[in-house]
Protein chains: 2
Amino acid sequence: MRITSQREIILEELQRLKTHPTADELYEVVKKRLPRISIATVYRNLERLSEAGMIHKLEYGGRQKRFDGDTSPHSHVVCVRCGRISDVETRDDMEILDIVVDSKGYQILKCGVQFEGICPFCQERSKSKKD
Amino acid sequence: MRITSQREIILEELQRLKTHPTADELYEVVKKRLPRISIATVYRNLERLSEAGMIHKLEYGGRQKRFDGDTSPHSHVVCVRCGRISDVETRDDMEILDIVVDSKGYQILKCGVQFEGICPFCQERSKSKKD
DNA sequence: ATATCAATTAGTAATAATTATCAAAAAGGA
DNA sequence: TCCTTTTTGATAATTATTACTAATTGATAT
Ligand SMILES: [Mn+2]
Ligand SMILES: [Mn+2]
Ligand SMILES: [Zn+2]
Ligand SMILES: [Zn+2]
């Protein structure tokens, strides 16, 4: 895979952000450094980079995919209101795979704990709007 | 929430299927009993039923949502090739929430173990195609 | 049973996110 | 430099879902 400036900057900015951005959020950030870049280039490279294992594609809830420049093993919590994703610090791996009794013929490749919750922004919004 | 025949049959068929169907897969099944039903009615009711907690909406990977008529707590494995979802039998809950050290301000509502793997169908397909 | 009124429906249009296409540009040798 | 392959930007197409609307249905009160 060639290193183009587009590809390099997309990867750099994704690794810098800790927000697990969507493709269009990342596009807005990258555009500041490459004003002529196309949104299609962002989508294309996020796909290629995740195939290459250099980033992670997060396909939890919501309709938009999110991306993570941090490929070290860690868990996420997804806000059920707005779809925002944050890392969750967890204790060192109790062997979660050991809880499986029957995987119905599936060859299990990986497993992780997934949390759902309400993010600080949405908690604040609820408090003020009293809804 | 009113019980219409459409709503009743959508729920019945979803509870009968153990396949975690997509909206259009369920539409095809329901159409055999209600040939004049609209796909929009299926989408609308799946949304309403899941708001009411009578079914579960599964938004793991893939672009299509899947639905589960079984609302008892259980884990799923998602096929990374085709998106198919199966139940995973697990040992009784070790308190997974206890592994959280820092949830970054999120109010955590629920957590579950999510597995990724390759389903029996895709394993067979790999074997014969040798790709 | 009939009138009333809100909930729901079928059919279709609109939207949103992603993917596909393609000619032009850039990269990397020989 | 010239040639070949990869990548890009621009835009069209696709896909899944949601929104809209007039007509129908169901529940309730009279
Ligand atoms: Mn992360
Ligand atoms: Mn299930
Ligand atoms: Zn939120
Ligand atoms: Zn599969």
Side-chain angles (χ1 to χ4, degrees), chain A residues 1-14 19-52 54-68 78 80-85, chain B residues 1-14 19-52 54-68 78 80-85:
Chain A
M1 190 163 54
R2 283 186 185 158
I3 311 136
T4 63
S5 60
Q6 289 92 333
R7 186 161 291 163
E8 194 171 30
I9 288 172
I10 286 166
L11 180 58
E12 258 177 45
E13 291 300 319
L14 180 60
T19 54
H20 311 87
T22 59
D24 60 303
E25 283 168 358
L26 187 58
Y27 169 64
E28 290 304 324
V29 171
V30 167
K31 222 165 37 170
K32 289 173 188 159
R33 295 176 62 186
L34 293 171
R36 301 206 34 94
I37 198 171
S38 161
I39 181 75
T41 301
V42 175
Y43 273 105
R44 204 184 308 117
N45 279 295
L46 287 172
E47 196 53 43
R48 306 273 284 102
L49 290 166
S50 92
E51 279 166 22
M54 300 170 72
I55 66 173
H56 279 169
K57 197 187 335 181
L58 310 179
E59 303 187 73
Y60 319 131
R63 34 201 144 316
Q64 284 180 88
K65 291 171 185 167
R66 292 179 171 272
F67 297 88
D68 195 343
V78 184
V80 296
R81 299 265 172 82
C82 69
R84 203 177 254 110
I85 294 177
Chain B
M1 191 164 54
R2 283 184 186 162
I3 312 137
T4 63
S5 60
Q6 289 91 335
R7 186 161 292 163
E8 193 172 29
I9 288 173
I10 286 166
L11 180 58
E12 258 177 44
E13 291 301 319
L14 179 60
T19 54
H20 312 89
T22 59
D24 60 302
E25 284 168 357
L26 186 58
Y27 170 64
E28 290 304 325
V29 171
V30 167
K31 224 170 28 174
K32 290 173 189 160
R33 294 177 61 186
L34 293 170
R36 300 207 34 97
I37 198 172
S38 161
I39 181 76
T41 300
V42 175
Y43 273 105
R44 203 187 312 115
N45 278 293
L46 287 172
E47 196 54 44
R48 304 274 282 103
L49 289 167
S50 92
E51 280 166 22
M54 299 170 72
I55 66 173
H56 279 168
K57 195 186 338 180
L58 309 179
E59 302 188 74
Y60 320 130
R63 33 201 145 319
Q64 286 180 84
K65 292 172 186 165
R66 292 180 172 271
F67 297 87
D68 195 343
V78 183
V80 296
R81 300 262 172 84
C82 70
R84 201 177 257 111
I85 294 177

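Every chain is numbered from 1 and lettered A, B, ... according to where its sequence line falls, protein lines coming before strand lines.
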Return the minimal non-hydrogen interatomic distance between [X] and [Y], and the atom names on each side.
{"X": "Tyr27(A)", "Y": "Ser38(A)", "answer": "CE1-C, 3.9 Å"}
{"X": "Leu46(A)", "Y": "Ile55(A)", "answer": "O-CD1, 3.5 Å"}
{"X": "Ile10(B)", "Y": "Thr41(B)", "answer": "CD1-O, 4.0 Å"}
{"X": "Pro21(B)", "Y": "Leu26(B)", "answer": "CB-N, 4.2 Å"}

Can you check whether Gly83(A)'s main-chain N or O pairs, donor with acceptor, with Arg66(A)'s side chain at less than 3.5 Å?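 Yes, Arg66(A) side chain to Gly83(A) backbone: donor-acceptor pair under 3.5 Å.
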
Sugar-phosphate, base or nothing in reach of Arg44(B), heavy atoms under 4.0 Å: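 Arg44(B): base contact, heavy atoms under 4.0 Å.
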
Contact between Asp24(B) and Gln64(B) at the side-chain level, heavy atoms closer than 4.5 Å - yes or no?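 Heavy-atom side-chain distance check passes, below 4.5 Å.
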
Find out whether His56(B) and Phe67(B) are in side-chain contact, i.e. whether some heavy atom of one side chain is under 4.5 Å from a heavy atom of the other.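 Side chain of His56(B) against side chain of Phe67(B), heavy atoms only: no contact under 4.5 Å found.
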
Under the side chain to side chain donor-acceptor pair (under 3.5 Å) test, residues paired with [X] that sit two or more places apart:
{"X": "Glu8(A)", "answer": "none"}
{"X": "Tyr60(A)", "answer": "His76(A)"}
{"X": "Glu13(A)", "answer": "Arg16(A), Arg33(A)"}

Between [atom2] of [N] and [atom1] of [X], the distance in whole Å:
{"X": "Gln6(B)", "N": "dA10(C)", "atom1": "CD", "atom2": "C1'", "result": "9 Å"}
{"X": "Glu8(B)", "N": "dT9(C)", "atom1": "CD", "atom2": "C1'", "result": "16 Å"}
{"X": "Glu47(B)", "N": "dT8(C)", "atom1": "CD", "atom2": "P", "result": "14 Å"}
{"X": "Ile3(B)", "N": "dT9(C)", "atom1": "CD1", "atom2": "P", "result": "12 Å"}

Between Arg2(B) and Arg63(B), name the one whose nearest nucleotide on DNA chain D is closer to the 5' end.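 Its nearest nucleotide being more 5', the pick is Arg63(B).
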
Angle, rounded to 10°, between the helical axes spanning five pairs at each terminus of the helix from dA1(C)-dT30(D) to dA30(C)-dT1(D)?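 Result, rounded to 10 degrees: 30°.
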
Near DNA chain D, which residues from residues 24-40 of chain B have a heavy atom under 4.0 Å away?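 Of all residues in residues 24-40 of chain B, the ones placing a heavy atom under 4.0 Å from DNA chain D are Ala40(B).
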
Which residue lies more 5' along DNA chain C, comparing Lys65(A) with Arg7(B) via nearest heavy atoms: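 Going by which nucleotide is closer to the 5' end, it is Arg7(B).
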
Look at Thr4(B) and dT9(C) and indicate whether a side-chain polar atom (N or O) is within less than 4.0 Å of OP1 or OP2.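 Checking dT9(C) against Thr4(B), a side-chain N or O does come within under 4.0 Å of OP1 or OP2.
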
I'd like to know if Lys31(A) and Glu28(A) make a salt bridge, using a cut-off of under 4.0 Å between side-chain N and carboxylate O.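 Salt bridge: yes.
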
Going 5' to 3' along DNA chain D, which nucleotides are the first and last within contact of chain A (any atom under 4.0 Å from a heavy atom)?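 The contacted stretch runs from dT5(D) to dT11(D).
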
